[in-house]
Amino acid sequence: MPEGHTIHRYAREHRRWLRGRAVEVSSPQGRFAAGAGLLDGRTLLAVDPYGKHLFYRWEGGAILHVHLGLYGGFRIFGTVRGEQGPIRGEQEPIDAQQPYAEVPPPTPGTRLQLGTSEVTIRLAGPTACELLDPDGEARIRARLGPDPLRRDADGEAVAAALRRRTTPIGAALLDQNVVAGIGNVFRAEALFVCGIAPLRPANLLDRDDFDRLWTTIRSMLAEGLRRGKIVTVEPADVGRRSRGRLRADQRHYVYRRAGLPCRRCATAVRAFELAARTAYACPTCQPQ
DNA sequence: GGGTGATGCTGAG
DNA sequence: TCAGCCTCACCCC
């Protein structure tokens with residue numbers, strides 16, 4: 001379930017468990033067998049997330065590039081505090097796991113497996129899992145806008161890119177050239193919180209609109225990274241006091257809530273196609 | 001247990 | 001613009 005916050009979270013975990021270690025690398029599925037063979041036994045030096053991309057830097061200069069696409073995901077299993085346990089990458093803190101009898105065999109779709117004496121990390125369903133040279137990485141990074149989760153993210157570059165575009169802001173936000181790491185959920189939720197209609201042309205956002213939007217995007221992604229999931233609804237806007245975890249449809253203002261009442265004004269949330277994905281908006285709270 | 005949709009992107013036409 | 005990629009969680013029966 002990868003938007004940028006998920007990628008940064010994976011990077012943080014993989015860094016924690018693999019950096020500085022000699023890693024057993026394999027491809028149970030076989031589709032990355034050659035690359036895995038080349039990396040097997042090497043020491044991992046760094047894991048760099050950028051937007052929705054992950055770059056793993058290995059001893060000897062090899063770069064492993066992973067892009068999860070729509071379906072891809074990592075799972076992590078391992079021995080923590082002396083117990084075998086599944087380590088769910090996304091939801092829980094990595095060291096708060098249930099005891100587990102043994103690491104299960106890889107699923108048939110496991111493209112990549114990274115192992116140490118402590119953990120087994122598995123990747124399935126990625127769009128990209130490939131070795132790159134520095135030029136290859138540079139080509140990818142050249143087509144990515146600023147990543148709001150990086151401390152050095154250049155908001156002015158994003159503002160300038162939006163001023164040059166007459167396409168709807170809801171399309172521009174999904175364009176990884178403009179800003180890297182936003183997906184369909186954050187598009188819907190950030191525009192709602194800022195009261196901006198997805199169809200408004202990007203170049204018609206005024207300075208206030210942009211500043212609010214950029215601040216919202218940065219804080220939403222940071223909160224997603226911190227919590228390990230996307231929860232955008234403020235407690236005051238949740239209908240009833242809910243104890244424990246929120247269901248998926250309780251975590252968002254408009255995303256996947258077509259036809260349901262807006263949490264702020266009760267107008268029915270509208271859904272429509274924008275940039276080949278379903279966009280969601282409240283026609284009252286997000287006037288054109 | 002089967003069907004379906006999903007937080008993404010590419011390349012052909 | 002749209003099919004294709006590729007896996008899995010979730011819904012419904």
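So that the names make sense, note that chain A is the first sequence line, chain B the second, and so on, each numbered from 1.
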Assess the side chains of A:Arg187 and A:Tyr280: does a donor N or O sit below 3.5 Å from an acceptor N or O? no
Using the rule that two of Ile, Leu, Val, Met, Phe, Trp, Tyr join whenever any of their side-chain heavy atoms come within less than 4.5 Å, decide whether A:Ile230 and A:Leu225 are in one cluster. yes
Single-linkage hydrophobic cluster, 4.5 Å side-chain cutoff, A:Leu199 and A:Leu173 together: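 Shared cluster, no.
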How many Å lie between CD1 on A:Ile182 and P on B:dG8, as a whole number?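 To the nearest whole Å, that distance equals 11 Å.
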Roughly how many Å is it from NE2 in A:His67 to C1' in C:dC6, rounded to a whole number? 14 Å
A:Asn184 (side chain) donor-acceptor with A:Thr278 (main chain) under 3.5 angstrom: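 Judged by distance alone, yes, a pair lies under 3.5 Å.
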Below 3.5 Å between N/O atoms, which protein atoms pair up with nucleotides 10-13 of chain B? Just atom names and distances, please.
{"unit_1": "B:dT10", "atom_1": "OP1", "unit_2": "A:Arg143", "atom_2": "NH2", "d": "2.8"}

Using the side chain to side chain donor-acceptor pair (under 3.5 Å) criterion, which residues pair with A:Thr110? Sequence neighbours excluded.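 Testing A:Thr110 for side chain to side chain donor-acceptor pair (under 3.5 Å), a comparison that skips the adjacent residues, returns A:Thr107.
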Name all residues meeting the side chain to side chain donor-acceptor pair (under 3.5 Å) criterion together with A:Arg150; count only those two or more places apart in sequence or in a different chain, and write none if there are none.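 Per chain and number, A:Arg150 pairs via side chain to side chain donor-acceptor pair (under 3.5 Å) with no residue.
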When all nucleic acid strands are considered with a 4.0 Å heavy-atom cut-off, which category describes A:Glu273: base, sugar-phosphate, or nothing?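 Answer is nothing: A:Glu273 stays at 4.0 Å or more from every strand.
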Base, sugar-phosphate or nothing for A:Arg122? Non-hydrogen atoms, less than 4.0 Å. nothing
Give the C-alpha distance, both sets of side-chain angles, the deciding distance and a yes or no for ring-ring contact (aromatic ring centres under 6.0 Å, His included) between A:His65 and A:Tyr56. CA-CA 7 Å; A:His65 169 231; A:Tyr56 297 78; 9.7 Å; no
A:Arg164: what forms a side-chain contact (heavy atoms from CB on, under 4.5 Å) with it, not counting sequence neighbours? A:Ala160, A:Ala161
Between C:dC11 and B:dT7 - P atom distance, rounded Å: 15 Å
Quick check for you: among C:dT7, C:dC6, B:dT7, whose closest atom lies nearest to any side-chain atom of A:Ala124?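 The answer is C:dT7, which lies nearest to the side chain.
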List, with names and distances, any nitrogen or oxygen atoms from the protein found under 3.5 Å away from nitrogen or oxygen atoms belonging to nucleotides 4-6 of chain B.
{"unit_1": "B:dA6", "atom_1": "OP1", "unit_2": "A:Arg256", "atom_2": "NH1", "d": "2.8"}
{"unit_1": "B:dA6", "atom_1": "O3'", "unit_2": "A:Tyr255", "atom_2": "OH", "d": "3.1"}

Between A:Arg277 and A:Glu273, is the closest basic N to carboxylate O distance under 4.0 Å?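 Looking at A:Glu273 and A:Arg277, the cut-off is not met.
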Both distances under 3.5 Å, Watson-Crick or G-U wobble: on that basis, could you give the dot-bracket string for DNA chain B, with [ ] for crossing pairs and | for other-strand partners? ||||||.|||||.
Could you grab the distance from atom CD of A:Gln176 to atom NZ of A:Lys52, nearest 0.5 Å is fine? 4.0 Å
Would you tell me if any nitrogen or oxygen in the side chain of A:Gln176 comes within less than 4.0 Å of OP1 or OP2 on B:dC9?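 For A:Gln176, the contact criterion (side-chain N or O under 4.0 Å from OP1 or OP2 of B:dC9) is met.
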